[in-house]
Amino acid sequence: METKSQTAIKGKSQQAVRMTGADALVKSLQNEGTKILFGYPGGAIMPVYDALYSVQDELHHVLVRHEQGAVHAAQGFARVTGEVGVAIVTSGPGATNAVTGIADAMIDSTPLVVISGQVGSSLLGTDAFQETDVVGVTQPITKWNYQVKKAEDIPYAIARAFYIARSGRPGPVLIDITKDAQFASFDYIYEPVTYIRSYKPIPEVDPAQIEAATQLINLAKKPLALVGQGVILGNAEKELLAFLDKSGIPAAWTLLGLSAMPSDYPQNVGMLGMHGNYGPNIKTNEADLIIAIGMRFDDRVTGDLKAYATNAKVIHLEIDDAEINKNVHADVPILGNVKESLPMLTQKISANKHDAWLQEFRACDRIEYDRIINEELAPSKPGLTMGEVVHKISNAFNDDAIMVTDVGQHQMMGSRYFKFKQSRSVVTSGGLGTMGFGLPAANGAKLGAPDRPVCLFVGDGGFQMTIQELGTIFQTKIPVKIVLLNNNFLGMVRQWQELFFDSRYASTELINPDFQIIAKGYHIEALKVTERENLEDAIQKMVNHEGAFLLEVIVEKEGNVFPMVPSGASVSDIRLE
Amino acid sequence: MRMKQEFTLTIFSENQVGLLNQITNVFTRRSLNIESLTTSESAIAGIHKFTIVVFSTREEIDKVAKQIEKRIDVIKAFVLTDEDIIHQEIALYKVPTKTLLNGNEIEKLVRQYGARILEITEEYTVIEKTGHKHETQELFEKMDQYGVVQFTRSGRIAITKLKAELLDNYLRKMEMGKKILN
Ligand SMILES: Cc1ncc(C[n+]2csc(CCOP(=O)(O)OP(=O)(O)O)c2C)c(N)n1
């Protein structure tokens, strides 16, 4: 880091103001456009909290109930706004509690700046009270991290943190600040960072690769586009549709690619992966060309790599060079931001239609409806299914709410049956699959998108992992809609036990508390539905209610999510039952 | 392509605390053994250089290099094979001085292997040899017949056969990109 001298030279034009490191941190955050941050105080970060106290009107600090909640909330905020989410925690246990969220943000490419307090620099390395080597602990799960030991390094560290977090493939950055650096005074000057010589966030698109890809696309008989979160992160939704419109190519989305195009876009053929749709999975091995757009061939998408895309050439549009050829060999890699590369492709390719090929996907849809979807959405049995609840709620919100999920069966049901009209409408933990993500992420999402309804689907297991965040909802008055799909089981694990472990339900049945009373304790409106006839009415009450709402629906205890590509199997071996 | 062979990775980075950890982590995650590792300041002031020798497949080492390069403070990682580089290791051998006095076998080996004597005391003699690992190893085995009491070998250092320094070109490109940006 070429800190002090560089800042000094650059700053000459500006007027320096003398202030403490803590004030400088707050000012730096404001200089980066931060208006809201999520955190929890403690000894090693108290000077910063004192500085925050003076700017309460401009910089809203949301007091969470656990540091994991702070980071997940910052993630929810970042995912719906596209801005950098900010979380702030104290040293030691405060920082270690933040680790799960940081890891989640890393694997799902979410831009975050996490600030942790640290013991005084003279105590570093002495096993002082609440000293943890946070920089060491978070090194593999941050895009970049740094320990600040001098007040005058704070502005540059923060400027660099924001630049790194939001540029290129986004990710979490952690800045650890010793307590003495927060107290010390210095002459403050702020200069944003726009260049780091060892870091190239966006590779240039190589026209030769565009040329090569164009030839493959023009010749392909059965091309399939795989749409990932890269489209959303690159704000390339329009560019995607232009490409798909002109090429006529069917497009499937990954879990994190959900809402990158409208659900009812005519060429949208559904979701890839383990619990995705039948068509896009089975057709992956019939396609003669795969065009991967801002996705990373996660193993939950590919299944057995040896039996994946067996008949296809692969074009991979990707911003991160380390993803090229990591899991799937790319015949034509196109490095760069898809916002730039897609229009270059669209311009070169010939206009085309793939109606017959698209019809093959629709035929698969009919099979999936017959075998799975019809029964899930309009069950013949008395027990409520997760699918019908999700479907009705999506409708009640005009298919235009932000869906947040926790992790498990309800997550897959939400992803399968919720519908989207606009981008950035999904917040879910994809790569890490973090139970407990949902409730705090929904809080952050609602604060990031106050004008849109935010609806959380959560299981009775995951709800209890961060249930304390109901306190944040109550104190901060966050009007989120919580839909608790209660099956009294760790449903997803139970499903695996049923299918692969002889129905031996080892430690998956839950004896639950009365969630209605818990909601009441936090002064949150709540309803519980056990019968189908009461469902729609309850949903309407939730939709019409002004504030936060908990809708608990008792669903079938042993419902399963299908289709399913069993772990390690080929996408061709997708099971319908 | 799937055959394992020896690769030399040269990595250039900013001189930043904790970078070694960041680099070795990439190997640890993939359970790849590091055969040798040398690190020092490079010819360019402020830029650090790591030279790492690994047995791996071409496919895997390319992925490793990209994952290392992805770290923000890493400037560039180059994957090199034996054909691309001239490399050396240095070895030190300590033998009791009396074994030298008992005959001229050791001195013969020193001459034959292009080694040299660094220091002689009444008790011990230290011999130095620079070369490839198999050469320093061979000398060790030969001398050990007469009793080597200590033997140590450094990691590899390497220099490319190319005319221009790989990094120079890269840095120049980056700086040019910056000018266009601003
Ligand atoms: C922190 C964490 N621990 C364990 C798991 C493993 N796991 C994945 S899904 C699941 C069950 C989730 O149960 P519940 O929250 O009730 O949701 P359901 O599947 O019933 O919809 C478990 C335990 C996980 N993903 N995250």
Side-chain angles (χ1 to χ4, degrees), chain A residues 1-3 5-6 10 106 109 124-125 133-149 153 157 160-161 163-165 167-169 171-174 176 192-204 318-330 333 335, chain B residues 1-2 11-31 42 44-50 57-79 167-182:
Chain A
M1 198 158 123
E2 60 256 65
T3 58
S5 56
Q6 216 196 32
K10 279 187 182 163
M106 182 69 173
S109 312
L124 284 170
D133 173 14
V134 197
V135 169
V137 168
T138 59
Q139 186 271 313
I141 52 165
T142 47
K143 190 170 168 187
W144 185 67
N145 68 13
Y146 188 70
Q147 186 173 65
V148 176
K149 296 188 284 274
D153 286 347
R160 206 171 140 108
Y163 173 61
I164 291 169
S167 60
R169 179 177 178 175
V173 171
L174 178 130
D176 194 36
V193 167
T194 54
Y195 170 79
I196 296 170
R197 74 169 169 187
S198 58
Y199 170 56
K200 191 154 203 262
I202 306 176
E204 281 127 62
E318 171 59 53
I319 200 163
D320 178 1
D321 193 16
E323 293 297 346
I324 302 281
N325 296 339
K326 187 181 83 178
N327 296 334
V328 170
H329 174 75
L335 267 177
Chain B
M1 197 153 136
R2 299 211 171 263
I11 300 158
F12 295 91
S13 77
E14 301 294 351
N15 191 0
Q16 177 92 27
V17 183
L19 243 160
L20 179 60
N21 208 355
Q22 295 190 33
I23 291 169
T24 53
N25 243 334
V26 177
F27 291 89
T28 314
R29 278 182 69 186
R30 291 181 168 273
S31 345
S42 77
I44 305 164
I47 291 183
H48 222 71
K49 179 173 177 173
F50 301 79
T57 61
R58 167 57 79 171
E59 211 184 326
E60 175 147 52
I61 198 71
D62 284 343
K63 293 180 192 180
V64 165
K66 286 206 247 181
Q67 284 179 326
I68 290 172
E69 219 169 80
K70 187 167 152 176
R71 300 307 307 179
I72 302 289
D73 294 305
V74 171
I75 299 170
K76 201 77 192 151
F78 298 99
V79 177
L167 187 68
D168 277 352
N169 288 338
Y170 178 79
L171 280 179
R172 216 166 294 131
K173 261 211 316 238
M174 282 297 283
E175 292 294 331
M176 260 160 63
K178 177 188 178 184
K179 274 179 207 127
I180 294 163
L181 245 169
N182 293 342

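Lettering follows sequence order; numbering is per chain, from 1.
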Look at the side chain of B/K66 and the backbone N and O of A/I324, then say whether any donor-acceptor pair between them is shorter than 3.5 Å.
yes
By side-chain hydrogen bond (donor to acceptor under 3.5 Å, both in side chains), B/N25 pairs with (sequence neighbours left out) A/Q139
Smallest heavy-atom separation, A/S198 atom then B/I75 atom, equals CB-CG1, 3.5 Å
Below 4.0 angstrom, N of the basic side chain to O of the carboxylate: do B/K76 and A/D321 qualify?
-> no
The interface call for A/D320 against chain B, heavy-atom contacts under 4.5 Å, is side chain
Ranking B/R29, B/Q22, B/Q67 by heavy-atom pairs under 4.5 Å to chain A gives rank one to B/Q22
B/K70 and A/A322 have their tightest heavy-atom pair at CD-CB, 3.8 Å
Residues A/K143 and B/R71: closest non-hydrogen pair is O-NH2, 3.7 Å
Between A/R160 and B/D73 the two heavy atoms that sit nearest each other are NH2-OD1, 2.7 Å
In terms of heavy-atom contacts, B/K63 and A/N325 come closest through CE-O, 3.1 Å
